[in-house]
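A quick write-up on the structure given underneath.
We name chains A, B, ... by the order of the sequence lines, and we start the count at 1 in each one. Worth saying up front: this structure is predicted, and the values here are computed from it rather than measured.
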Amino acid sequence: MPVIVLADGAEPGGHLTIIPIAHISIDSDHSHHSIKGRVVHKGPLVSSPIYHFFLKAAIEEENCGPQETSSINMVLLGTLANDFSQAVNQGDAVTASGFTVGKSPTARKDKRHLFNLLLSGEQAVIRVSPRPPGDLPTPREARTTKALPPPAAVSSAQKYTYVKLADLKPGVVVNVYGVVVFFKQPFKSRGSDMCSSLKITDQSEQKISCTIFCPKMESHPQIFQIGDIVRLHKVKTQPYKDSLTLVTTFGFNAATFSGMAGADMEPRSSSRTFSLSEEDRRMVTELRSWVASQNLLPPDLTVALSAAQPKMYFDLTCQLLAKAPVDSTCTLLRVWDGTRCPHALLKVRVDSNIVEGPTSFSEEHDKLIANVLVYDNHVRSARQLKPGDFLRIFNLRAIPGSVKVPGLSSSQVEEVNHLSFHLHGGTAYGRGIRVLPDNSPDVHELRRTMDIFHESNQEKHPEVNDSAMWGVWNTPPESPVSGASMEISTERRCDHDVRPINLGELMCCEPGGVHHVRAQLRSYQPRRLHRALKLYCSKCTSMQDVPDDERVANVYAEASAGPSGPTSPPPWSLSGPVHLAAGPAGHTLNVHLSKQLTSEGRTKELIFLTGCSLQDARHLAATYHNVVPVRWSRGGDLVLLDLSVPFLFRGRKSFYGCKQCSEGAGVREPTADGEKIMDEKDIAEAFGVQLMTFVLLLKFRLRDAGDTLDDVFLWRDAETFFGVSAEDAAVNQQAQDQIRQTLDSLCPPEGAGGDRPWLDLCLAAYNVIESNNIENTPTFYQICHTSTRSHKHLQR
DNA sequence: GATTAGGCTTCG
């Protein structure tokens, strides 16, 4: 998906609600909110070493109340900044969503909102409707406009006209709309491009073949099924065999819409300056209702595994669980769709060392897993697939009987009358594989079916915990990051004097040494990066997950509702109620300050709160240096909350203590030395809390020419590797983006087109000996002393 | 502003 969508109607899409700019707050969850306003300032595009690009802008709301803050600063990072710079002009109306909120450092100076919006990554979307012609700038804009460079050509302002398919003349470049009646997935042409073909029709009932040549997969029309509507810009008519065909020309661009009447208008397009005018909406709506009234589309061939019959050709929507190469012309895909095929399914056994994804599943799940063998040209597309991907496989064939599977010994193929599924070589009948985006309606439906299976299976077999399946199922692939292209390499920072070896040699080495290898990153876990963030206790070396906000909020809520009998605040404290204006009605909570600090005029330095929510604590952390949520014990004393939640808030950061190593921890007055503001270490020490630190933990699978190595951990030196501190990654979107970008470059997502770079790595080999199992201890590897270096190239 | 392909079941 493009990060930026330019639309004439600047309303939020789908599930988003527009909220007033004044309601933006650092405490609120704005994931379903969007804001709307006019661009009153557009800063220059600045090249940034980390994000490629960086741009500041400000938008102002129209028709807001007299007292409200009506303008807010936005910080755009990465490709979004680049897109915005090209496609948006001062005076354009925009809506923004998918932002995070931060404190605006310039609020005092520019009199804008106390907070600013940070937009980056996939979730950030800006929609733009250009300023109507003749609409004069506001006085504030007029003052600043002069300083801006002349406006770049804005594609959104361009007017497109569309030709009906019956009115096409030979040898002209046109724009057309059509309903897809046939399509083929892109395949590698003999030339330099990928080639895809489709046939479209419209109300004139003319059927026209189109040939698309584009080097990038994602620039081809993203067609998921017959009946989808495509918009093709800049295609040339070309006579071929008594009829006209359409072929891409320079400037070609495609957008695809669902053909279902009433479906949303969200286009599938790789164009970064995408424009959707009223006419576009009308064209799509008219084609949708025309299709609904006709009977011209070929039947939908989608069939669930539960309805698969021997010998049939059908389309399968499914999830990939695991895959394994069988030989150079054949790859095995293990898939499921949550339904059970009435026919016994062929079991294909492959060496577990070459399987990508889980190698075994529970018996119940196994019955639902279909083995799909893909051949020849499809081996190439299967290479891009990752376990967890949702797929549509077109023109799959159900094959009954015993099948000779290449690469298997004769004893393994004697499964008579079991169904196997083949995706034969070639592209006839649109044969091919397509990855479905996580937000597609088909994926939603698939997930529902899989949910039902899991629930009923849990009831039947509560003892079975099929972690392999859950791992894949809960780890959907992230959608491709548009334009996250940077060349990257790794550099060893150690001075070990060892000769680089290959992975095969490494696996023969005894644990305990360090080794240098050169390998590619095949896959990594967890796919959801927030799960890579852990809390680590350096004393007992335990590691735990960071609790999510909901859990933390619950603990605070429970503590607020705790005992409220007679209380005895500590003698060193001053207590009193404080009224918070936050929230719809505002509310009151109790604060406790140190007498000592208060007398020194250092009231801002430390505050204890009873009856506070998570939001309150975060809110007050913007004003007070150290915020400690506490509760009353049954005996009426101030005590710390359960250490499963943060015991301290400092700015945007929160700090946790280790439960095991903090025995006897309690609320005590920290000694203030007056020179510096006390920090988390001072407070933890005073309370007797063993501080935990944030760490990053990832597991890599490496591969070189001959071997694959699993269980390669990146942990101790993860911060060196990414050039980001784990503590920053916990609170800072920019740090998270840097990790994401690094991983995307090392292991490019499907469709991004990048090659996997070769990495120079220093690995430590070790094993963990458990007391009762000295034999057979597996060897693990850890990446050490290695950092990534990126070499960005500017985008044109 | 070149070149690619130009649907129409594998044969495992």
Exercise. Mind telling me whether A:Trp336 and A:Phe453 have parallel, tilted or perpendicular rings, with 30° and 60° as the class edges?
Key: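 Correct class here is perpendicular.
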Quiz item: Should the pair A:Phe183 and A:Phe394 be assigned to parallel (<30°), tilted (30 to 60°) or perpendicular (>60°) ring geometry?
Solution: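 Ring orientation, 0 to 90° scale: perpendicular.
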Check every atom of [options] against the side chain of [X] and return the nucleotide holding the closest atom.
X	options	result
A:Tyr313	B:dT4, B:dG6, B:dT10	B:dT10
A:Ser189	B:dG6, B:dA5, B:dT3	B:dA5
A:Tyr240	B:dG7, B:dA5, B:dC8	B:dG7
A:Arg397	B:dT9, B:dT10, B:dG6	B:dT10

Using whole Å, report how far [atom1] of [X] lies from [atom2] of [N].
X	N	atom1	atom2	result
A:Leu301	B:dC8	CG	C1'	13 Å
A:Phe182	B:dT9	CZ	P	11 Å
A:Asp327	B:dG12	CG	P	13 Å
A:Leu396	B:dG12	CG	C1'	14 Å
A:Asn377	B:dT4	CG	P	20 Å
A:Leu423	B:dC11	CG	P	12 Å
A:Lys184	B:dT9	NZ	P	11 Å
A:Tyr375	B:dG12	OH	C1'	4 Å

Quiz prompt | Set of salt bridge (charged side-chain N to carboxylate O under 4.0 Å, His left out) partners for A:Glu445, sequence neighbours left out | solution =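 Salt bridge (charged side-chain N to carboxylate O under 4.0 Å, His left out) list for A:Glu445, sorted by chain: empty.
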Quiz item: With sequence neighbours left out, what residues match A:Pro757 under side-chain contact (heavy atoms from CB on, under 4.5 Å)?
Solution: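 For A:Pro757 the side-chain contact (heavy atoms from CB on, under 4.5 Å) partners, ignoring immediate neighbours, are A:Ile488, A:Leu746, A:Leu759.
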Practice problem: Could you list the residues that satisfy side-chain contact (heavy atoms from CB on, under 4.5 Å) with A:Ser204, not counting sequence neighbours? | Solution: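 For A:Ser204 the side-chain contact (heavy atoms from CB on, under 4.5 Å) partners, ignoring immediate neighbours, are A:Leu165, A:Ala166, A:Asp202, A:Gln206.
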Quiz item: How do A:Lys188 and A:Asp376 order along DNA chain B: which one's closest nucleotide is nearer the 5' end?
Solution: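 Upstream on the strand: A:Lys188.
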Quiz item: When you compare B:dG6 with B:dT10, how far apart are their C1' atoms, in angstrom units rounded to a whole number?
Solution: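 The answer is 22 Å between these two C1' atoms.
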Quiz item: B:dG1 and B:dA5: how far apart are their P atoms, nearest whole angstrom?
Solution: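 Those two atoms are separated by 23 Å.
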Quiz item: Out of curiosity, A:Cys210 SG to A:Gln238 CD, how far, rounded to the nearest 0.5 Å?
Solution: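 A:Cys210 SG to A:Gln238 CD: 11.5 Å, rounded to 0.5 Å.
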Practice problem: Mind listing the residues from residues 242-251 of chain A sitting with a heavy atom below 4.0 Å of DNA chain B? Number order is fine. | Solution: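 Under 4.0 Å from DNA chain B: A:Thr245, A:Phe250.
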Quiz prompt | For DNA chain B, the residues among residues 161-174 of chain A that have a non-hydrogen atom under 4.0 Å from it | solution =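 When residues 161-174 of chain A is checked for heavy atoms under 4.0 Å from DNA chain B, there are no hits whatsoever.
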Quiz item: Can you find a donor-acceptor pair, distance only, under 3.5 Å between A:Ser192 side chain and B:dT3 base?
Solution: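 Check passes, donor-acceptor contact within cut-off.
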Self-check item: side-chain contact (heavy atoms from CB on, under 4.5 Å) partner of A:Arg397, chosen from A:Met312, A:Arg431, A:Lys311
Solution: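 Exactly one pass, corresponding to A:Lys311.
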Quiz item: Between A:Arg190 and B:dA5, is there a side-chain N or O to OP1/OP2 distance below 4.0 Å?
Solution: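 For A:Arg190, the contact criterion (side-chain N or O under 4.0 Å from OP1 or OP2 of B:dA5) is met.
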Quiz item: Is the phosphate of B:dC8, meaning OP1 or OP2, less than 4.0 Å from a side-chain N or O of A:Lys199?
Solution: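 For A:Lys199, the contact criterion (side-chain N or O under 4.0 Å from OP1 or OP2 of B:dC8) is not met.
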Quiz item: Do A:Thr427 and A:Lys184 get their side chains close enough for a donor-acceptor pair, meaning under 3.5 Å?
Solution: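 Yes - a donor-acceptor pair under 3.5 Å links their side chains.
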Quiz item: So, A:His343 and A:Gln309: side-chain donor and acceptor under 3.5 Å apart, yes or no?
Solution: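 Result is yes, a qualifying pair exists.
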Quiz item: Under 4.0 angstrom, heavy atoms only, what part of the nucleic acid is A:Thr211 near: base, sugar-phosphate, or nothing?
Solution: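 Counting heavy atoms under 4.0 Å across all strands, the contact made by A:Thr211 includes a base.
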Self-check item: Set of ring-ring contact (aromatic ring centres under 6.0 Å, His included) partners for A:Phe213, sequence neighbours left out
Solution: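 Partners of A:Phe213 under the ring-ring contact (aromatic ring centres under 6.0 Å, His included) test: none.
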